[in-house]
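Structure first, commentary second.
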Amino acid sequence: MSRENNPDYDIRLPQWNAPDPQFEFVEKVQKKSLLGGKSPWRIASREKREPVHGKASSCDSLLGIHPNAIVVGAPAGTTEITFMMGLYAVLVGFAACMFGWGAFESIMDLDSSRSDYVLNLLMSMVSTMAALFFLVAAIFFFRVGFLTPRDLPVLFNRKTREVSFFTVIPMRFWKVWQRAGVGEVKTCRWDDAYARSYQLTEITGEAARSSYLLALLWGDPRQPRQCQEIVTIGYKGWWEDELLWRLYEHIRRYMEEGGPPIQAGESLRRSGTGKLPQFPPEVIAAAGGLALSEEEVRRSAGIRE
């Protein structure tokens, strides 16, 4: 089937690839998001009654279904980094041990009466600093792989017409005591959200490739032209964003047209390790209570065992 006849590529939005027509990005927003200040690749109308794609799909991004809401994951939940981060932690930790042993031996051999005292002192100082650096690096990789949440859920409540999401706490390399992951929960109006896709250029080992992210933006109520919040949803698309917009169409139909919380034959996302951040009780209560069980979700998707 050609791309033109494939419903998965039935995008209804033209490429924009120009400065954002709605928002300006202050330095604070630019620092907390890679997308702040970038020109969007495509933009959706704020009038959410207009379809953006001919086909809706949860795109393996749905984390849960509540009676009044759906929970969608973020690109962070699609990366399987636990094994690699664990491997890096072991290798870098081994290097820290080697440098630490070298520093210990150098310190034990220090003798001010010897002619090579200054050289041995410098070697012990360098080895100690290298051991500390590699130790902090090993702890950093361990924290990334095992102490960060497996995903960043975003809750869309169609009864209250609100979107709830977690703020992200950036992980600092040197702050080994810092608890990484998520902070407070923020809630914004669905009607005030602006959908954008962005193109990024990533350098792999041999060549550059294009990736795409889908994001929701909200302006500052006091200064509507200034972007206040940027939340990425779904997954990272490679080479194109047409498939990615199926997720926004799924959310749009759910919020605006009473569409199903999950499309027929689809299932919940199960990638990643660790626990999901939990929304506060008041958010869950507004969503109609606890999420549906896996069996109930399968029935909603028309899947029979």
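This one's a predicted model, so the numbers in the text were calculated from it and none came from an experiment.
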Do [X] and [Y] meet the criterion of a side-chain donor-acceptor pair at a distance under 3.5 Å?
X: R269; Y: S61; value: yes
X: Y9; Y: E242; value: no
X: Q263; Y: S58; value: no

So if you build clusters from Ile, Leu, Val, Met, Phe, Trp, Tyr with side-chain heavy-atom gaps below 4.5 Å, do [X] and [Y] land together?
X: W16; Y: L216; value: no
X: I43; Y: I230; value: no
X: L290; Y: L63; value: yes

Pick from W190, F165, F23: which one makes a ring pair (Phe, Tyr, Trp, His ring centres under 6.0 Å) with W218?
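Going through the options one by one, the only one that passes is F165.
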For [X] and [Y], which heavy atoms make the closest approach, and how far apart are they?
X: R252; Y: V52; value: NE-N, 4.4 Å
X: A44; Y: Y248; value: CB-CE2, 4.2 Å
X: P224; Y: Q22; value: O-NE2, 3.7 Å
X: L247; Y: V72; value: CD2-CG1, 4.1 Å
X: P75; Y: L213; value: CG-CD2, 3.7 Å
X: P261; Y: I70; value: CB-CG2, 3.6 Å

Please evaluate residues I251 and I233 with respect to the criterion side-chain contact (heavy atoms from CB on, under 4.5 Å), reporting the C-alpha separation (whole Å), side-chain torsions for both, the decisive distance (0.1 Å), and the verdict.
CA-CA 11 Å; I251 298 171; I233 56 175; 3.8 Å; yes
Any side-chain heavy atom of [X] within less than 4.5 Å of one from [Y]?
X: E266; Y: L62; result: no
X: M255; Y: K48; result: no
X: V283; Y: P280; result: yes
X: E229; Y: L217; result: no
X: L200; Y: S210; result: no
X: H66; Y: I284; result: yes
X: V71; Y: V154; result: no
X: S164; Y: F279; result: yes

Looking at [atom1] of [X] and [atom2] of [Y], how far apart are the two atoms once the value is rounded to the nearest 0.5 Å?
X: R42; Y: Y212; atom1: CZ; atom2: OH; value: 8.0 Å
X: Q199; Y: Q15; atom1: CD; atom2: CD; value: 8.5 Å
X: F133; Y: T128; atom1: CZ; atom2: OG1; value: 15.0 Å
X: M129; Y: F99; atom1: CE; atom2: CZ; value: 11.0 Å
X: S39; Y: Y198; atom1: OG; atom2: OH; value: 8.5 Å
X: S197; Y: W41; atom1: OG; atom2: CH2; value: 8.5 Å

Please determine whether side-chain contact (heavy atoms from CB on, under 4.5 Å) holds for the pair D60 and Y235, giving the CA-CA distance in whole Å, both sets of side-chain angles, and the decisive distance to 0.1 Å.
CA-CA 9 Å; D60 193 31; Y235 63 98; over 6 Å; no
If you draw a 6.0 Å radius around CH2 in W101, do more than 12 non-hydrogen atoms from other residues or ligands fall strictly inside?
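Not more than 12 within 6.0 Å, no.
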Atom CZ of R225: over 12 foreign heavy atoms under 6.0 Å:
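Buried by this count: over 12 neighbours within 6.0 Å.
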Salt bridge check, [Y] against [X]: does any charged N sit closer than 4.0 Å to a carboxylate O?
X: R46; Y: D192; result: yes
X: E256; Y: R158; result: no
X: E249; Y: K55; result: no

Return yes if some donor-acceptor pair links the side-chain N/O of [X] with the main-chain N/O of [Y] below 3.5 Å, else return no.
X: E294; Y: V297; answer: no
X: R253; Y: H250; answer: no
X: Q228; Y: Q226; answer: no
X: N6; Y: D8; answer: yes
X: N157; Y: A286; answer: yes

